[in-house]
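Worksheet: one structure, shown below.
These numbers come from the heavy atoms of this one structure, side chains and all, not from hydrogens, waters or symmetry mates. The shown structure was predicted, so the numbers you read here are calculated from the model rather than taken from an experiment.
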Amino acid sequence: MIAMSQDTPEDVQVRTTPAGPHDDPTMGRAVDAERLRVQAPNRLVVISDSVGHGVLSGAVWRTELTWAALLARALGIASFRRPVYGGPGPGLPVNIESLVRMVGDRFGSELSWVEVVRAGLAVRRAMDGVEDYWERGPGSLPPDSSGPILHNLASLGFDLRDALALDLDQIVQRVVPPSDDIINQAPEQSGLRAARVVFATAVDDGKALTQLAAARALADEGDPGIDTLVVMLGSNNALRSVTQLSVRWSGEGYDDLDRKNAFTVWRPSHFAAEWQRVVAELETINARNVIVATVPHVTVAPIARGVGGKLRPGSRFFAYYTRPWIRDDQFDPRRRRDPFITGAQAREIDSAIDQYNETIAASVQTAREQNRNWFVYDLSTLLDRLAFERYLNDPVAQPDWFEPYPLPPELLALDPVPDTRFYGADASGRTRGGLFSLDGIHPTTIGQGLIAHDLLQLLIDEGIAPHGTQIDFADVIRADSLISDPPAVFDAGLSVLGWLDQTFDLIRQIATLGRR
């Protein structure tokens, strides 16, 4: 008998065993696809959320290092259009790496009570500068709207409803005059401010376009107008359950732009209803190839660290999940100050995501039966095959289908080999992790490279990209500052990040990234 939480919806099929991979992109169905290699005017278009947008350590900034941009570079697409962000952070809303490096450079890894005060003032000044830039300075001005629609239409915080309904008009209407908050100094409505840059040119004959409508406009530029459309959505329909460590199942209003923000994880039936609306839009987009990604198990993200041991031998779940800087000997679920979800709740979240992915895979199968050249890309299994605490460090928990992901040689040569644990580094260099950035939610640059590498292999296998096409991992490693230049302050019991979170509420601000 599976122990279920009292408020678990009846449509969540809670499972004791992990779902198997969706390892056949074609869903076992051949398609009489167009083989004429007349190049579409838009070779790669991306509809995604913060992972595709370029959020790294809490801020969207290095958009040239997203999986989308790295994939475009490998495919030789010099004209791949993406949003660009500046500012003193750099980026928005909160660049944790920048703050950690500043504290470490000025005060070292151990903060005395005097240094705590001085460091707090320094961090507050830095965050105040970021807030002023985006709310009252150059970042508050309307972005340039004169260019063509971007190829990377990813936007942080976007879930399925946002992809269906948010456009530039909606975004501008929702950006309210900011207040100069001396407590919460991250830019207000950072998701909308970031989206405004993405959607500035997503206008057709004066009509503002949603993500899906913007892709359709690009697709109408030829026959087909898009060669490959990659859709990577759905994570934000469950992610806040772990970033906020609060499970609030979707209810009435799940499909409303404003009311949906009350929920942190969607019931499978609600996800399916929203996904069918997305599919109906995708069917109108004239793309030669459509690649649809599965939703990763958000409980693998190290922002929610498992404590208290596994539920039982062979289980993939821990008794509790809390913040990574709360040590095992400090954690007490009886204290209200320690945020957590239970292992039972984590199982329910994963079970719901398995149902999401069955819905996604079924839509690809239906499309192929209709002779559409759609593919399922199993991002969920990629992350599972890299999951350190869940599987790699616990062989008894590995399901029959499990095989560790074969990392590229350049990543295997790193010491230590990158994994999914929360990042750590000291004076000697990186000590653990490396695939997730300092927010514990989003990939590092090498993590982005790994997604690009995995997607590229699908393109090669399906004859969409030529054999021999590769991601330049030597260049990716050089560009990843957390790998090539680890912040030495970071490993002191994660004390600096814990202090930053307790003092400035960073994780809550990041956890609500993009929320209206």
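Side chain of Asp7 to main chain of Trp249: no donor-acceptor pair is present (N/O by atom type, distance under 3.5 Å, no hydrogens or angles). At distances below 3.5 Å, not a single donor-acceptor pair connects side-chain atoms of Thr63 with backbone N or O atoms of Gly54. Checking side-chain atoms of Ser50 against main-chain N and O of Leu156 turns up no donor-acceptor pair under 3.5 Å. Looking at Arg316, its side chain never comes within 3.5 Å of a backbone N or O of Gln398 through a donor-acceptor pair. With Thr381 contributing its side chain and Asp378 its backbone, the two residues share no donor-acceptor pair below 3.5 Å. A donor-acceptor contact shorter than 3.5 Å is absent between the side chain of Glu64 and the backbone of Val84. No side-chain donor-acceptor contact under 3.5 Å links Gln244 to the backbone of Thr264. Within the 3.5 Å criterion, the main-chain N or O of Ser155 finds no donor-acceptor partner in the side chain of Asp49. Looking at Asp338, its side chain never comes within 3.5 Å of a backbone N or O of Phe331 through a donor-acceptor pair. Put simply, the side chain of Arg193 gets close to the backbone of Trp134: a donor and an acceptor are under 3.5 Å apart.
Closest heavy-atom contact between Leu379 and Pro296: CD2-CG, 3.7 Å. Of all heavy-atom pairs spanning Asp11 and Ser269, the tightest one is OD2-OG, 2.6 Å. When all heavy atoms are compared, the tightest approach of Arg385 to Phe402 is CA-CE1, 3.6 Å. Of all heavy-atom pairs between Leu407 and Leu412, the closest is O-CD1, 3.5 Å. Closest of all the heavy-atom pairs between Tyr423 and Arg430 is CE1-CD, 3.7 Å. Pairing each heavy atom of Leu92 with each of Ala194, the nearest pair is CD2-CB, 4.2 Å.
To the nearest 0.5 Å, atoms CZ (Phe436) and CG (Leu383) are separated by 5.0 Å. With rounding to the nearest 0.5 Å, the separation of NE2 in His22 from OG in Ser380 is 7.5 Å. With rounding to the nearest 0.5 Å, the separation of CG in Leu141 from CZ in Arg196 is 8.0 Å. One distance of note links CD1 of Ile353 with OG of Ser241; it measures 6.5 Å at 0.5 Å rounding. Residue Tyr321 holds its OH atom at 15.5 Å from CD1 of Ile326, rounded to the nearest 0.5 Å. The CD1 atom of Ile477 sits 11.0 Å away from atom OG1 of Thr445, with the distance rounded to the nearest 0.5 Å.
Residues Thr210 and Leu166 form no side-chain contact, since every pair of their non-hydrogen atoms from C-beta on lies 4.5 Å or further apart. Val396 places none of its side-chain heavy atoms less than 4.5 Å from the side chain of Ser315. Side chains of Ile341 and Ile349 form a contact here, defined as non-hydrogen atoms less than 4.5 Å apart. In this structure, Arg15 and Gln355 have side chains that are in contact, with non-hydrogen atoms separated by less than 4.5 Å. Arg305 has its side chain out of reach of Trp325: every pair of non-hydrogen atoms, C-beta onward, lies at least 4.5 Å apart. Using a 4.5 Å heavy-atom threshold, the side chains of Ile303 and His442 count as separate. With contacts defined as side-chain heavy-atom distances shorter than 4.5 Å, the pair Glu97/Val100 does not qualify. Looking at heavy atoms from C-beta onward, Arg390 lies in side-chain contact with Thr299 at the 4.5 angstrom threshold.
In this structure, Lys310 forms a cation-pi arrangement with Phe318, its terminal cationic atom sitting closer than 6.0 Å to the ring centre and no more than 45° off the ring axis. Taking the centre and axis of the six-membered ring of Phe388, the NZ or CZ atom of Arg421 falls inside the cone set by 45° and 6.0 Å.
For the pair Asp162 and Lys260, the salt-bridge criterion is met [side-chain N within less than 4.0 Å of a carboxylate O]. Salt bridge annotation for Glu348-Arg267: absent, with no cationic side-chain nitrogen under 4.0 angstrom from a carboxylate oxygen. Between Asp256 and Arg161 there is no salt bridge, since no side-chain N of the basic residue sits under 4.0 Å from a carboxylate O of the acidic one. Salt-bridge check for Arg347 with Asp354: failed, with every basic side-chain N at 4.0 Å or more from each acidic carboxylate O. Under 4.0 Å is where a charged nitrogen must lie from a carboxylate oxygen, and between Arg432 and Asp426 no such pair does. Contact check on Asp132 versus Arg136 returns a salt bridge, with a Lys/Arg side-chain nitrogen under 4.0 Å from an Asp/Glu carboxylate oxygen.
Ring centroid separation for the pair Phe263 and Phe271 does not come in under the 6.0 Å cut-off. Side-chain rings of His53 and Tyr85 approach one another, their centers coming within less than 6.0 Å.
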>> Show, in sequence, the C-alpha distance, side-chain angles and deciding distance for Ser351 and Gln13, and conclude whether the side chain to side chain contact (heavy atoms under 4.5 Å, CB included) test is met.
In response: CA-CA 6 Å; Ser351 296; Gln13 300 170 8; 5.9 Å; no
> What's the verdict on side chain to side chain contact (heavy atoms under 4.5 Å, CB included) for Leu65 and Asp480, showing C-alpha distance, side-chain angles and the deciding distance?
Replying inline: CA-CA 9 Å; Leu65 298 176; Asp480 192 332; over 6 Å; no
> Under the side chain to side chain contact (heavy atoms under 4.5 Å, CB included) criterion, do Val476 and Leu450 qualify, and how do the steps go?
Replying inline: CA-CA 10 Å; Val476 171; Leu450 200 56; over 6 Å; no
>> As a quick check of understanding, evaluate side chain to side chain contact (heavy atoms under 4.5 Å, CB included) for Leu233 and Asp159, giving each step before the final call.
In response: CA-CA 6 Å; Leu233 289 170; Asp159 57 24; over 6 Å; no
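When only modelled atom types and interatomic distance are considered, Asn237 and Tyr254 share no side-chain donor-acceptor pair under 3.5 Å. For the 3.5 Å distance criterion, the side chains of Asp384 and His297 qualify, holding a donor opposite an acceptor. Side chain to side chain, Arg174 and Gln170 meet the donor-acceptor criterion of an N or O pair below 3.5 Å.
With a 6.0 Å radius and a threshold of 12 heavy atoms from other residues, nucleotides or ligands, Asp400 has its CG atom at or below the threshold.
Ring pair His453/Phe473 is perpendicular by interplanar angle, where above 60° counts as perpendicular and below 30° as parallel.
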